[in-house]
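Here is the structure we will look at.
From a predicted model like this one, the values you see are computed outputs, not experimental measurements. First the proteins, then the strands, lettered A, B, ... as listed; each starts at 1. Excluded from the calculations below are hydrogen atoms, water molecules and symmetry mates; all remaining heavy atoms, backbone and side chain alike, are included.
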Amino acid sequence: MIHITLPDKSVREFEGAVTGLDIAKSISNRLAKDVLSVSVDGQVWDLTREIDKDAAVKLNTWDDREGKETFWHSSAHLMAEAIEFYYPGTKFGIGPTVDTGFYYDIDLPNGQVLSEKDLEKIEKKMLELAREKNDIVRSEISKKDALDMFTQKNDELKLELISELEDGTITLYNQGKFTDLCRGPHLPNTEYIKAIKLTSIAGAYWRGDEHNKMLTRVYGVTFPKQKMLDEYLVMIEEAKKRDHRKIGKEMELFAFSDAVGQGLPLWLPKGTQLRMQLEDFLKRVQKKYGYEQVMTPHIGDVKLYKTSGHFQKYGKDSFQPISTPAEGEEYMLKPMNCPHHCEIYKVRPKSYKDLPIRMAEFGTVYRYEMSGELHGLTRVRGFTQDDAHIFCRPDQVKEEFQKVIDIIFIIFKALSFENYTAQISLRDPEKPEKYIGSPENWDKAESAIIEACEEKGLETTTELGEAAFYGPKLDFMIKDALGRSWQLGTVQVDYNLPERFQLEYIGADDNRHRPVMIHRAPFGSMERFVAVLIEHTAGKFPLWLTPEQVVVLPISEKYNDYAKKVSDFLNISDIRTVVDDRNEKIGRKIRDNELKRIPYLLIVGENEAQTESVSVRRQGEGDKGVMKTSEFADFVLKEIREQLSGLYN
RNA sequence: GCCGGAGUAGCUCAGGGGUAGAGCGCAUCCUUGGUAAGGAUGAGGUCACGAGUUCAAUUCUCGUCUUCGGCUCCA
C-alpha cells in the first residue's frame, strides 16, 4: 500500500507503485490532461516515473514554475532533435530553461553557421516531430557506458559534463531518434508541445568562460496552445512599444551622439525637467530625513582611489588617468563618490554625538563599461548616482537602515512601483577569508539588516555569498517592459572604507572608534531610474513628473496675448505651460501620440464669448468643458496634491 | 571585450554596379468657423566613415566607428 500526500494534506492510497499521471487521473481527467510533471518529496519527476513508496506529491501544471520548466526542458530536447536532423554531427552543450522559454548551446559541424532564416525550418521540423507523439523515455546508465556513448558521438562537450558527474546518477532521455544526457524531468511525450517560436540566436561561451570555445545559442519558447503563443507575441510587441529608448527619442527626453561618445547620454530639455523633478522630490524627502547635501569635484587624484582600493580593483576598467602639466601628477574621472565623502568626514574630528552624519550628493561618475554592455539609459559610461553615505556608530546601523528603507518605500509608492523584489546579500559562511571586518561586526550588520527588513514588513530573498567583500547589502530590483530585472535601489553596509581612510570618532569612553559607513542610492542612478520609470509608465508619467504638464493652445493668432496671460497665470502655480503662437493649424501638431502624453490641453479662444475661460481636455478623459482659468488652476493643483498626498508618511 | 544582425531624408523604412525612393514630419500657398483636417507646391541625402575591386560603388570586398540581440561584467 502506498500513501500519497497531496499539498492540501489529503492522503490517497494506491495498491502498488503509481506514476504522477496515475495520481492525476485518480483526481480528474482534466487534471490528467493538464499535469506536466510531478514533485515527489520536493524533487521534480517525470509523470511516468514510478513512485514506489509513501511520498508527498505535488502535481505541476503550466501554472507552476516546475510545470513550465519541464515543458520547456522537453522543448529544448525537441529543438535539439530537429537540429540534429538538419545538421548531423552537431555537438550539444547544455539546454536549460530560462525565465521565458529555453535555449540550447550547440556546436555545428564543419564550421557551419545558423542564421535567423534557418530558425523557421527548425521550428517546422520541431512541430512535425512533436506531432509524431514520440514517448520521452528515461533510462539510467553507468558512467562508463555514458562516456563510451558520447566518445562514439565525438561530443567532447557532453564528455566534459559526464566526467564531472558521479557514477550511478547519470540518466539519459530518448525521444524518436534523439538521445541526450539529461537529469530530467521531461514530459511523457512530445505531443504536449503545440506552439513553437524560436526567438533568437546568439553566441555564448562554453560554460560562460571567454577562454572557451564560442558556441551558438538558440533561444526558443513553446506553449501547450497556439493561442498562448499568439498572446505572448502580442505581449512582446507591446513591450517593445514601451522601450525607453523608443519613448525617450519620441518624447525628446534624451539622446546619444556619436560625436560626444559612446554611452554618454545627453539630457534634452524635457528629460532634464523630468530628472530634476525626481531629484527635487528626493532632496525634499532626504532633507526631512536629516541628510545634508554636499558637492564634490568630478575628478580626483589617482592616489585617492589607491587609498580606497578602487584603483587596484577597477583601474583597468576605468577611463584612464589624466596627466597634468605637472610631472608625475595623475587625476581620474571619479568612478564613485565615496572617497570624496570620506574626505569630507575627515574635515574635523568627530564626536559620537555627531553621528549619524548623512551626506548626500547627486554625483556624476564615469565608468568605462565594456562597449557591448551599453544599453540605452540603463547602462552608460557617465551617470549620476543619487548617492549618500551615512556614517554612524555600530549601534545605529539598524535604525539607519530602516530609515533608508522608508525612503525607498516613499519613492516606490510615489511612482507606484509594485513589481519589485528585495534581496539581502550575506556572507558565504564557508569562506570567511573573503571578507574584511571583524566577524562580530558582520554578525551585527547582518542581523541589523535582517531585523530592519522584518520590522518594515519587507518581503526579501536571502542570498549567501552575494555580499560585497566589505559588507552585506540589500538590493531592490524591478522588472522592465520585457521582463528583464534591473537593480535599482541599493543599501550597503561598509567596514572597508572607514578602515582604509582611517575614519574615527571619539566615543563616550573618550577612545577612538571606527564609524560604520552605509552607502545608499534609492534610485540607483538617475539614468537607469528614468529608463525604468519610462517603461513602467509607458511614458505617461504621474502628473507631478510630466515633462509637459499643460499645453495652452491659442486657436488663432489673435488669442496669443490671452494665451500668454493664461500661461503666465498658471506659471505662478508652478505648472509648466507651453504657448505655441502659431495659427489654428496647431491642432495638427498636438494630436495622436503627443496628445496622449500631455495630461492637459487648454484651448484658448474656442468660444469668443468667453475669453476669460479655457476649454480643458484631460488625457484619456476627453473634454472637461469650459472653465475659468483660475478654476482650472485649482483643479490641476488639487489633482497634483492628490497624487502627492501621503507620500511623506 | 567576444559572437551574430543592422547603419539610406528629422522619424519609420523600401531599394539596388550606371541622375536616390515612399509614408509621416517640416516649409509656402489654397481650402476649411472647425473637436484638429483636405488639396497643391517645395526644401531636406557625400546612402555611417576609410581603403580596395571596377570604365563606373550608396550597392561587391576588407577595415574602422556606431547601434541592436546575446555572452561576459556591473565598485
Side-chain angles (χ1 to χ4, degrees), chain A residues 93 98 103 105 107 113-119 199-219 236 240 243 245-246 249-252 255-264 305 308-318 332 334-339 365-376 378-381 383 385 387 466 468-471 473 475 482 484 486-487 490 492 494 496-497 519 521 524-525 528 553 555-556 582-595 601 603 605-608 615-617 622-623 625:
Chain A
V98 289
Y103 66 80
D105 284 346
D107 186 15
V113 287
L114 218 52
S115 77
E116 304 270 339
K117 284 180 207 129
D118 300 318
L119 294 183
T199 46
S200 68
I201 295 180
Y205 300 107
W206 172 234
R207 322 205 90 180
D209 185 336
E210 63 178 304
H211 303 294
N212 283 341
K213 184 167 188 181
M214 171 74 72
L215 305 177
T216 305
R217 178 167 295 181
V218 188
Y219 284 89
I236 294 287
K240 280 184 187 158
D243 191 310
R245 292 167 298 186
K246 182 175 153 68
K249 196 183 226 175
E250 284 170 2
M251 289 184 77
E252 298 188 0
F256 290 90
S257 153
D258 293 1
V260 173
Q262 224 187 341
L264 299 169
Y305 306 104
S308 70
H310 289 111
F311 184 79
Q312 293 83 327
K313 203 160 164 60
Y314 297 105
K316 282 195 218 75
D317 305 322
S318 296
M332 275 178 81
K334 72 173 167 187
M336 75 288 303
N337 305 299
C338 339
V365 298
Y366 299 89
R367 298 177 183 178
Y368 197 81
E369 304 291 355
M370 288 194 291
S371 61
E373 270 313 307
L374 301 172
H375 179 96
T378 55
R379 201 70 191 277
V380 287
R381 284 180 171 168
F383 59 96
Q385 297 177 311
D387 213 357
E466 287 291 307
F469 70 94
Y470 50 76
K473 60 178 180 172
D475 292 321
L482 284 163
R484 291 171 298 205
W486 291 100
Q487 186 201 308
T490 178
Q492 309 185 1
D494 185 355
N496 180 42
L497 279 187
H519 307 251
S525 82
R528 181 174 291 183
L553 289 179
I555 195 65
S556 75
R582 276 170 288 177
N583 60 23
E584 65 262 35
K585 283 186 202 159
I586 192 62
R588 268 199 276 168
K589 187 168 161 59
I590 311 299
R591 58 171 198 180
D592 295 339
N593 286 336
E594 232 177 319
L595 185 58
L601 185 58
I603 293 160
E606 283 211 313
N607 187 334
E608 283 177 58
S615 297
V616 177
R617 273 174 211 121
D623 210 332

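Both distances falling under 3.5 Å, in either a Watson-Crick or a G-U wobble arrangement, occur for no nucleotide opposite U58(B). Look at C73(B): it lacks any Watson-Crick or wobble partner with both distances under 3.5 angstrom. Summarising the base pairing, A27(B) is matched to U41(B) through a Watson-Crick or G-U wobble pair whose two defining distances lie under 3.5 Å. Pair assignment for G33(B): none, as no Watson-Crick or G-U wobble contacts are both less than 3.5 Å. Searching all strands for a Watson-Crick or G-U wobble partner of A6(B) with both distances below 3.5 Å returns U66(B).
As rounded to the nearest Å, A57(B) and C47(B) have C1' atoms that lie 11 Å from one another. Nucleotides U8(B) and G21(B) place their C1' atoms 9 Å apart, quoted to the nearest Å. To the nearest whole angstrom, the two P atoms, one in G45(B) and one in A6(B), are 27 Å apart. The same atom, C1', is picked in C49(B) and in C13(B); the two are 22 Å apart, to the nearest Å. Taking atom P in both G25(B) and C11(B), the straight-line distance is 15 Å, to the nearest Å. Remark: the separation of the C1' atoms in U31(B) and G38(B) is 7 Å, to the nearest Å. Atom C1' of C26(B) sits at a distance of 8 Å from the matching atom of G10(B), rounded to the whole Å. Only the C1' atoms considered, G42(B) is 43 Å distant from G4(B), to the nearest whole Å.
Put simply, the side chain of Lys334(A) reaches to within 4.5 Å of the side chain of Tyr305(A), judged on heavy atoms. The shortest distance between side-chain heavy atoms of Met332(A) and Phe311(A) falls below 4.5 Å. Taking 4.5 Å as the limit, some side-chain heavy atom of His519(A) sits within range of a side-chain heavy atom of Leu497(A).
Both Gln385(A) and Phe256(A) lie near RNA chain B, and the one whose nearest nucleotide falls closer to the 5' end is Phe256(A).
Shortest non-hydrogen contact noted between Arg528(A) and Arg379(A) is NH2-CD, 3.6 Å.
U31(B) takes the anti form, because its glycosidic angle lies more than 90° either side of 0. Within 90° of 0 lies the glycosidic angle of G44(B), which makes this nucleotide syn. Against the 90° criterion about 0, the sugar-base torsion of G34(B) places it in the syn range.
Closest contact between the side chain of Arg379(A) and the listed nucleotides A75(B), C74(B), G1(B) involves C74(B). Minimum atom distance to the side chain of Arg245(A) is reached by G69(B), of the listed G69(B), A75(B), C73(B). Picking from U67(B), A75(B), C74(B) the nucleotide with the shortest atom distance to the side chain of Gln262(A) gives U67(B).
Of the side-chain N and O atoms in His375(A), none sit less than 4.0 angstrom from OP1 or OP2 of G70(B). Contact annotation: Lys334(A) does not reach the phosphate of A75(B) (side-chain N/O to OP1 or OP2, under 4.0 Å). Phosphate proximity of G4(B) to Tyr219(A): absent, as no side-chain N or O sits under 4.0 Å from OP1 or OP2. The side chain of Arg217(A) contributes no N or O atom lying less than 4.0 Å from OP1 or OP2 of G69(B).
Rounded to an integer number of Å, the gap from Leu374(A) CG to G70(B) P is 14 Å. Across the protein-nucleic acid pair, Phe469(A) atom CZ and C74(B) atom P stand 12 Å apart, rounded to whole Å.
Here NZ of Lys249(A) is found 11.0 Å from CZ of Phe256(A). Values are rounded to the nearest 0.5 Å.
At least one donor-acceptor pair closer than 3.5 Å links the side chain of Arg381(A) to the backbone N or O of Glu369(A).
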